[in-house]
Protein chains: 2
Amino acid sequence: MFKPTTIKDIAKALNLSTSTVSRALRGGYEISEETKKIVLEYAEKVNFKRNPIALSLKERRSYSIGVIVCEVANQFFSQAIDGIESVAYSKGYHVIISQTHDSYEREVINVEHLANRSVDGLLVSLSAETKDYSHLEKLHDQGLPIVFFDRILNSMNTHKVSSNNFKGAFEATEFLISKGCKRIAHLANASQLSITAERQKGYEEALRQHHIPIDKELIKYCKHGGRDQIEVEIAVREFLSHDNPPDAIFVASDRLSTGCLSTMKKYATHHHDILVAGFSNSELVELLNPSLSYIRQPAFEMGEKAAEMLISIIESKYPIEEFESIMLDTTLHPNGA
Amino acid sequence: MFKPTTIKDIAKALNLSTSTVSRALRGGYEISEETKKIVLEYAEKVNFKRNPIALSLKERRSYSIGVIVCEVANQFFSQAIDGIESVAYSKGYHVIISQTHDSYEREVINVEHLANRSVDGLLVSLSAETKDYSHLEKLHDQGLPIVFFDRILNSMNTHKVSSNNFKGAFEATEFLISKGCKRIAHLANASQLSITAERQKGYEEALRQHHIPIDKELIKYCKHGGRDQIEVEIAVREFLSHDNPPDAIFVASDRLSTGCLSTMKKYATHHHDILVAGFSNSELVELLNPSLSYIRQPAFEMGEKAAEMLISIIESKYPIEEFESIMLDTTLHPNGA
DNA sequence: AACAATTACGGCATCGATGCCGGCATCGAT
DNA sequence: ATCGATGCCGGCATCGATGCCGTAATTGTT
């Protein structure tokens, strides 16, 4: 069996009390230099590591933060996680990652699991399916620090980090217009997500400013966030088979963008006539065919910011009253014909 | 502050002892139906959740398993993690993911962190840089269950899950030969990795069987696993600028495959003359240009198997003597001209 | 020399949940 | 009526580390 050395083992071996050993190892004040040296050397020798579980129990904190994302395979989130980890590690926190796969039930289970395991706080990007937020609100009311990033919950009073979705969508749509497109479809994520509304507004505003009518038949939502490829296929094929088909598609997220391209390659004989622009943080975008103009979010920085904010709440001595909402800029990368 | 209800709170509220409450909530034997009902109802009412930290301390186990991978952004690993999670969740275990980014130091830090946090076992895929295995051997000797997957450590006596790298590499190379390629380069991972040796053997055996000489100048290793894109670029550009350049490249891993294509697109004017085949579990492969013939590993199944094996060790009442090595088949997906 | 002050360490309770053991009460049996 | 059996529950130690408090021994002060 796996039995690490404890402070008690050291105390017994050196004929000291556990208190003395503990203080020799930590603060060290009130302990003679001589004893300290003996203890430190012996601890080193037997490869002593203090048990963080015992500490968590006593101190009511674990020095770990939980992260809730839909999936780590999505490059936006894996980049954000890298940002989160870089900040967390430098401040002595461990990161526990949990995937919802855009399922509401998984989100509830994972959130409760992490809360029970005494994470000191939660970084949350909502699942596409989530419409009921009571599992999060309950914990927030109990005092658990929560910071949202990307897919935020506006109604909760806490820190939030997002990118400028309106502007990103606006620029992408305007780019398509500048390329001469007149009928621009919009493939959107689940309608209850914050990012969906913001990006749709950007899309519609760009059309409006360029006097292009908004056609509701050219806007389709994927309510499971494209968790199943088939969901995306159906939507895109409806666009393609429209009486008056679009000459461009603006896609609202990473997974949908690639799903859209796959479908086009599979079914559209003349897919080079349709321009596609979408949100994507994939590192492979430049290699794609059909090509994709893409809006990139500063995922790493968003992760950093979110982690910094969460840790500042965790370590704050007084309850926070004033919460911040940070918005970072996206960048447009034009591509293709 | 965040203070969940404890068993003690319930005991006080109902004027019972903590032992009684505990037994009422759990086994329930020796407790009258009446008391049980009262306790259960009250616990439900105040949303009681037992504290897993306290349990971990007492029971010396956490019902969580640690996973060490180089990076979750790599689709092979994110798929493997999905497999791990599906098994772990169904057996009541939580999964803690840790990324090494193919750095040896990060691997050591993360392994020790997880061991300290009392994971019940570890699923490990080695970092590309790792040559010294003492951090893992020490824990294994202390009795911590460890199962390797993909990038395994042959010298350690434990369960292992891998794919048939030899066969996969052999088939890919043979495919390139069948397309008429005569000078086939090999872009490999760090030389100390198990997968590197196995794949190189498959590559060389295919050449041998088809009477193609093995040219050591056409084999290049990326000792950081392509962590920096520049590492891949240098290797590929050396291939391209060779006096007698290759007409095909067989690439040994996911990240290297995409890095190779990027470099070719960037620097090779006639890159369509060079066929590329490589290991990749990316879902975007079919959309890539230049196109990539790819060998796919059953990542999800590998994760499942590895998790099942680890949990079987953890839950075994007697020390395991006989360890298994499982090997799963890959599939070749031809593409391009 | 007598007392205060400081040094250096041990004892003990604590965090939350569990389980052994011990005890009280009620019931049935002889 | 007395004893054993059983049902039902509380007390207490335990897991590892910490920190308050108590205390012995040594040093310093007048």
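Just so it is clear, the structure is predicted and the values come from calculations on it, not from any experiment. Below, read A as the first sequence line, B as the second, and so on, with proteins coming before strands; counting in each chain starts at 1. Side chains included, hydrogens not; waters and symmetry mates left out as well; all remaining heavy atoms used.
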Whole-Å gap separating P (dA17(C)) and CZ (Arg50(B)): 9 Å
Parallel, tilted or perpendicular, as decided by the 30° and 60° cut-offs, for the rings of Phe149(B) and Phe77(B): perpendicular
Under 3.5 Å donor-acceptor pair, Ser32(B) side-chain atoms to dG7(D) base atoms: no
Pairing partner of dG28(C) (Watson-Crick or G-U wobble, both distances under 3.5 Å): dC3(D)
Under 4.0 angstrom between Thr20(A) side-chain N/O and dA8(C) OP1 or OP2: no
Any N/O donor-acceptor pair, Thr18(B) side-chain to dG16(C) base, under 3.5 Å: no
Side-chain N,O (Ser17(A)) to OP1/OP2 (dG10(C)) below 4.0 Å: yes
Phosphate-side-chain proximity, Arg26(A) and dT18(D), N/O vs OP1/OP2 below 4.0 Å: yes
Glu59(B) CD - dC20(C) P separation (whole Å): 12 Å
is_close_aromatic(Tyr133(B), His140(B)), centroid dist under 6.0 Å: no
OP1 or OP2 of dC15(C) under 4.0 Å from side-chain N/O of Thr6(B): no
Residue-phosphate contact under 4.0 Å: Ser22(A) side-chain N/O, dG16(D) OP1/OP2: no
